[in-house]
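Read the numbers this way: they start at 1 and go in the same order the structure lists the ligands and their atoms.
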Amino acid sequence: MHAEADHLSVDHLEVRYGDLVGIADVSIQVHPGTIVALLGSNGAGKTTTLNAIAGLVPPSKGTVQWRGEDIAGLPAYSIVRKGVALSPEGWHLFTQQTVEKNLLLGTTPLADKKRIPELLERVYTFFPRLKERYRQRSGTLSGGERQMLAVGRALMSEPKILLLDEPSLGLAPAIVESLYETLTQLHQGGLTLLIAEQSVQLALEVADYAYVLQTGHTVLEGTAENLADDPQVRRIYLGLADTAESS
Ligand SMILES: Nc1ncnc2c1ncn2[C@@H]1O[C@H](COP(=O)(O)OP(=O)(O)O)[C@@H](O)[C@H]1O
Ligand SMILES: [Mg+2]
């Protein structure tokens with residue numbers, strides 16, 4: 001189902017905000033068909049990394065290879081066209097516009113506009129709540145619904161890989177659980193996922209592989225299983241207290 005070439009490789013990426021360093025040296029591999037978690041505390045560089053891959057901020061050093069092509073520094077719209085979509089932190093919705101209009105905005109880079117009804121129906125199948133509210137202004141949605149809409153809009157460009165920036169942030173546990181169930185279904189349908197999360201435990205439950213960022217550097221990587229089980233990793237990098245009966 002996956003072209004072996006649908007591979008994302010981020011190598012020694014640096015992004016500067018003027019004199020400030022957003023990320024200093026980030027390297028990540030995402031193999032097709034996997035779920036990769038990008039972990040790290042607030043300010044570690046998760047958003048900067050995803051935004052740089054998606055073309056929202058220009059890298060100052062390093063490469064972003066997608067299907068063997070260096071896409072670093074390309075404009076966002078051309079990166080979306082290549083099959084890389086971002087569900088951004090804070091959603092970036094047009095709050096005065098309806099749910100459906102926001103979804104349609106996700107199809108702007110789509111070459112074949114005839115596919116729009118089918119793609120819309122697909123998003124509504126994954127997120128029935130969005131279908132119920134398709135004529136509502138997105139500004140009236142709950143946080144969970146806005147997150148669904150941000151993911152749905154990203155799906156409208158028919159991505160091969162979906163970058164998710166903190167999908168669980170600020171959402172009630174039941175909403176997060178249902179959102180992650182949907183993400184798992186999307187993954188089973190063939191979508192590759194790169195998920196930035198502060199909810200480490202949750203991310204490690206769904207991910208195959210994970211990277212830990214600290215002050216703009218990838219400092220640690222491993223299978224999700226190994227990272228979740230290593231007490232030192234849990235304590236030092238993931239800020240998880242070890243309790244006798246965690247889970
Ligand atoms: N627009 C910006 N201008 C200046 N500094 C920024 C900007 N966005 C992020 N930073 C800085 O870049 C670093 C990484 O931030 P960010 O990528 O948002 O981390 P995370 O998503 O892991 O919380 C932080 O030191 C942050 O203060
Ligand atoms: Mg962030």
Side-chain angles (χ1 to χ4, degrees), residues 8-30 35-64 66 71-76 79-80 84-93 143-144 146-151 153-154 159 161-172 175-176 179-180 183 193-207 209-222 224 227-228 233-240:
L8 179 74
S9 176
V10 174
D11 291 286
H12 302 296
L13 202 66
E14 178 194 87
V15 174
R16 296 180 155 273
Y17 298 107
D19 288 342
L20 298 171
V21 177
I23 52 171
D25 188 0
V26 170
S27 296
I28 295 168
Q29 301 291 322
V30 184
I35 302 182
V36 173
L38 193 55
L39 309 174
S41 53
N42 202 10
K46 302 181 296 299
T47 296
T48 302
T49 301
L50 295 189
N51 285 355
I53 296 169
L56 297 178
V57 293
S60 40
K61 270 189 205 159
T63 55
V64 179
W66 168 245
I71 59 167
L74 290 183
I79 292 176
V80 181
V84 180
L86 169 70
S87 167
E89 187 176 68
W91 314 310
H92 299 275
L93 301 172
R146 288 179 201 217
Q147 182 60 62
M148 291 172 202
L149 183 51
V151 173
R153 182 187 49 196
I161 182 169
L162 177 60
L163 317 174
L164 291 142
D165 200 348
E166 305 238 25
S168 76
L169 194 68
L171 306 185
I175 309 286
V176 171
L179 179 71
Y180 264 80
L183 294 179
L193 301 174
L194 175 57
I195 311 180
E197 268 291 3
Q198 277 187 63
S199 299
V200 168
Q201 223 135 4
L202 181 67
L204 290 180
E205 268 172 38
V206 298
Y209 204 81
Y211 292 86
V212 180
L213 297 188
Q214 211 175 33
T215 57
H217 297 78
T218 22
V219 290
L220 193 70
E221 63 173 276
L227 289 193
V233 166
R234 290 169 59 87
R235 201 175 60 246
I236 298 174
Y237 293 106
L238 307 180
L240 299 172

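For Ala154, the side chain to side chain contact (heavy atoms under 4.5 Å, CB included) partners at least two apart in sequence or on another chain are Ala85, Leu162. Partners of Glu166 by side chain to side chain contact (heavy atoms under 4.5 Å, CB included), not counting sequence neighbours, listed by chain and number: Lys46, Glu89, Leu169, Glu197, Gln198.
For the Mg ion (ligand 2), protein N/O/S neighbours under 2.8 Å (waters excluded) are Thr47 OG1, Glu89 OE2.
Leu183 is not listed as a side-chain neighbour of Val206, based on a closest heavy-atom distance of 4.5 Å or more. When side chains are defined from C-beta on, Ile28 does not count as touching Leu8, because their heavy atoms never get closer than 4.5 Å.
The two residues Leu213 and Thr49 make their nearest non-hydrogen contact at CD1-OG1, 3.8 Å.
For the atom pair CZ (Arg153) and CE (Met148), the distance works out to 15.0 Å, reported to the nearest 0.5 Å. Here the OH atom belonging to Tyr211 is positioned 9.5 Å from the CG atom belonging to Leu194, to the nearest 0.5 angstrom. With rounding to the nearest 0.5 Å, the separation of CG in Leu93 from CD in Gln147 is 9.0 Å.
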Less than 3.5 Å apart, N/O on ligand 1 and N/O on the protein: could you list those pairs with the distances?
from	atom 1	to	atom 2	distance (Å)
ligand 1	17 (O)	Thr48	N	2.9
ligand 1	17 (O)	Thr48	OG1	2.5
ligand 1	19 (O)	Gly45	N	3.1
ligand 1	21 (O)	Thr47	N	2.8
ligand 1	21 (O)	Thr47	OG1	2.8
ligand 1	22 (O)	Ala44	N	3.3
ligand 1	22 (O)	Gly45	N	2.9
ligand 1	22 (O)	Lys46	N	2.8
ligand 1	22 (O)	Lys46	NZ	2.8
ligand 1	23 (O)	Asn42	OD1	3.3
ligand 1	23 (O)	Gly43	N	2.7

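Between the side chains of Asp25 and His12, at least one donor N or O sits under 3.5 Å from an acceptor N or O.
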